[in-house]
Visitor: 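My structure is below; once you've seen it, I'll send some questions.
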Amino acid sequence: MRGRKVMAVAVRNPQGEVVLHSEPLTARIYTSKWGQWPFVRGLGMLWDALGLGMRALLWSGEVSAQEEGKEKPEFSGPVAWTTIAGSMLFAVALFFLLPTLLSKFIAGAANDHPVVDAMLEGLLRLVIFVIYLWAIGRIPEIKRVFGYHGAEHKTINAYEAGADLTVEQVRSHSVQHTRCGTSFLLYVLVISILLFAPLTFRNVDSAWLALLLRFVTRILLVPVVAAIAYEIIRFSAAHQENPFMRLLIAPGLALQKLTTREPDDSMIECAIAALKPV
């Protein structure tokens with residue numbers, strides 16, 4: 001869980017005890033005035049996904065594997081950052097390089113039309129993302145992670161509704177939330193279709209150079225896309241009583257069915273423990 005000034009992670013160790021880690025948010029993206037500017041503050045959410053999220057998952061894995069009597073694992077280290085770097089390379093290859101290569105090949109078979117090329121790239125990226133979520137959601141360990149994701153949403157929904165933070169009160173709330181990172185990623189993918197469409201580099205003589213330029217520009221524009229997506233999700237969540245906004249929010253909520261599961265009571269207990277410090 002992340003608050004305005006503090007983040008916290010709660011996990012259950014092999015002895016069945018809830019282990020809590022919390023730390024202040026000291027990165028400039030959180031503490032500076034410019035970090036709260038519109039179209040800049042979205043980078044904080046991107047940093048959460050890449051930094052805090054990965055560190056939390058790695059730390060939880062270390063706690064679950066630790067033996068009784070040993071000290072609690074550290075929340076960072078070279079293994080953590082190496083794993084994050086490897087995960088980033090995998091994500092770039094799967095969600096950026098592969099759709100770009102496939103769209104180039106398919107568009108070439110369709111008279112190489114630039115509009116076909118641009119739209120195909122975006123749609124392929126979206127399809128690959130949905131298939132990826134569906135596929136990993138069938139892995140037992142990831143199902144359990146998605147159960148904790150559902151517990152997180154239920155707890156935040158209960159808190160925002162003014163309910164008591166007890167397992168009984170939290171259990172009745174929804175596993176979906178309008179400000180979920182899954183919805184954020186969906187906005188990122190849709191916006192990228194529009195933003196990347198003009199950047200096909202058809203005037204470049206070398207096909208490989210054009211492909212390289214497309215790939216590089218897409219990576220460089222990820223922060224821009226993230227910034228726009230964050231402002232949209234923030235605005236839509238604040239005005240969800242509006243019928244148009246509810247329509248805008250609906251696809252993200254539907255996609256969350258792939259990344260959340262109904263949690264058990266022990267997961268809800270962890271989510272409550274993580275929310276209280278923030």
Side-chain angles (χ1 to χ4, degrees), residues 1-4 7 25 27-30 32 34-54 84 87-88 90-100 103 118-134 149 152-153 156 160 176-199 214-260:
M1 299 285 190
R2 177 174 70 83
R4 290 185 178 274
M7 64 83 66
L25 297 172
R28 295 284 291 169
I29 196 70
Y30 302 121
S32 62
W34 57 261
Q36 303 306 311
W37 291 351
F39 299 104
V40 174
R41 55 196 176 192
L43 300 179
M45 191 166 188
L46 189 61
W47 174 253
D48 283 348
L50 301 180
L52 294 182
M54 284 297 300
I84 291 172
S87 301
M88 284 294 298
F90 171 78
V92 167
L94 182 62
F95 299 118
F96 286 92
L97 184 58
L98 182 60
T100 301
S103 66
M119 294 302 295
L120 269 175
E121 181 184 354
L123 291 173
L124 284 169
R125 186 172 289 115
L126 183 59
V127 169
I128 290 171
F129 177 66
V130 172
I131 291 174
Y132 172 78
L133 291 181
W134 173 83
H149 189 197
E152 173 201 7
H153 284 185
I156 294 174
E160 292 180 341
Q176 297 171 316
H177 195 280
T178 53
R179 297 192 305 276
C180 174
T182 304
S183 298
F184 171 72
L185 289 175
L186 179 61
Y187 284 130
V188 165
L189 291 171
V190 173
I191 293 168
S192 69
I193 295 175
L194 303 175
L195 197 61
F196 295 165
L199 303 175
R214 286 177 61 170
F215 180 59
V216 170
T217 53
R218 279 138 182 76
I219 296 298
L220 293 177
L221 284 173
V222 165
V224 178
V225 175
I228 298 171
Y230 179 79
E231 295 305 318
I232 293 175
I233 198 171
R234 182 186 176 99
F235 184 83
S236 61
H239 299 84
Q240 53 187 300
E241 71 283 351
N242 182 287
F244 175 75
M245 290 302 166
R246 286 202 299 269
L247 190 64
L248 190 66
I249 291 169
L253 294 178
L255 190 62
Q256 288 176 40
K257 293 179 180 179
L258 292 178
T259 64
T260 59

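Residues: numbered from 1 along the sequence shown. This structure is a prediction, so every number in the text was calculated from the model and none was measured.
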Visitor: Quick one: CD on Gln240 to CG on Leu253, what's the gap to the nearest 0.5 Å?
Guide: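 One gets 8.5 Å once the value is rounded to the nearest 0.5 Å.
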
Visitor: Main chain of Met1, side chain of Glu152: is a donor-acceptor contact present, judged purely on distance under 3.5 Å?
Guide: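 Judged by distance alone, no pair lies under 3.5 Å.
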
Visitor: Are Arg214 and Ser103 side-chain neighbours, meaning at least one heavy-atom pair lies under 4.5 Å?
Guide: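 Heavy-atom side-chain distance check passes, below 4.5 Å.
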
Visitor: Does Phe184 have Arg179 sitting over its ring (NZ/CZ under 6.0 Å from centre, angle to axis within 45°)?
Guide: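 Pair Arg179/Phe184 does not count as cation-pi.
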
Visitor: Are Tyr187 and Leu248 close enough that some pair of their side-chain heavy atoms sits under 4.5 Å apart?
Guide: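 Side chain of Tyr187 against side chain of Leu248, heavy atoms only: contact under 4.5 Å found.
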
Visitor: Once rounded to the nearest 0.5 Å, what's the spacing between atom NE2 of His177 and atom OG of Ser183?
Guide: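 Answer rounded to 0.5 Å: 10.0 Å.
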
Visitor: Rounded to the nearest 0.5 Å, how far does CG of Leu221 lie from CD1 of Ile191?
Guide: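 Reported value, rounded in 0.5 Å steps: 12.5 Å.
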
Visitor: Would you call the rings of Phe196 and Phe96 parallel, tilted or perpendicular, taking 30° and 60° as the class edges?
Guide: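 Aromatic pair Phe196/Phe96 classed tilted.
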
Visitor: With under 30° as parallel and over 60° as perpendicular, where do the rings of Phe95 and Phe129 fit, or are they tilted in between?
Guide: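 Ring orientation, 0 to 90° scale: perpendicular.
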
Visitor: Return the minimal non-hydrogen interatomic distance between Glu241 and Ala238, and the atom names on each side.
Guide: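 Scanning both residues, the minimum pair turns out to be OE1-O, 4.0 Å.
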
Visitor: Working to the nearest 0.5 angstrom, can you tell me the gap between Leu126 CG and Leu186 CG?
Guide: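 Rounded to the nearest 0.5 Å, the CG-CG separation comes out at 6.5 Å.
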
Visitor: Specify the closest pair of heavy atoms between Ala226 and Val188, including all atoms of both residues, with the distance to one decimal.
Guide: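 Between these two residues, the closest heavy atoms are CA-CG2, 4.2 Å.
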
Visitor: Is the closest side-chain heavy-atom distance between Cys180 and His153 below 4.5 Å?
Guide: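 Yes, at least one pair of side-chain atoms sits under 4.5 Å.
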
Visitor: Just how far is it from atom OG1 of Thr100 to atom CG of Leu120, taken to the nearest 0.5 Å?
Guide: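 The distance works out to 11.5 Å.
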
Visitor: Say whether, by atom type as modelled, one donor and one acceptor occur between the side chain of Arg125 and the main chain of Leu189 under 3.5 angstrom.
Guide: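 Side chain of Arg125 to backbone of Leu189, a donor-acceptor pair under 3.5 Å: no, none is there.
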
Visitor: Using a 4.5 Å cut-off on heavy atoms from C-beta on, say whether the side chain of Val130 contacts that of Leu255.
Guide: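 Of all side-chain heavy-atom pairs linking Val130 with Leu255, at least one is under 4.5 Å.
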
Visitor: Do the non-hydrogen side-chain atoms of Thr260 and Thr182 ever get within less than 4.5 Å of each other?
Guide: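 Thr260 does not reach Thr182 side chain to side chain.
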
Visitor: Would you give the length of the straight line joining atom NE2 of His239 to atom CZ of Phe244, rounded to the nearest 0.5 angstrom?
Guide: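 Result: 13.0 Å between the selected atoms.
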
Visitor: Please check: side-chain N/O of Glu231 versus main-chain N/O of Ile228, any donor-acceptor pairing under 3.5 Å?
Guide: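 No, the answer is negative, given that no donor and acceptor are paired below the 3.5 Å cut-off.
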
Visitor: Taking all non-hydrogen atoms of both residues, which atom of Ser236 and which atom of Ile249 are closest, and how far apart?
Guide: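 Heavy atoms of Ser236 and Ile249 come nearest at O-CD1, 3.4 Å.
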
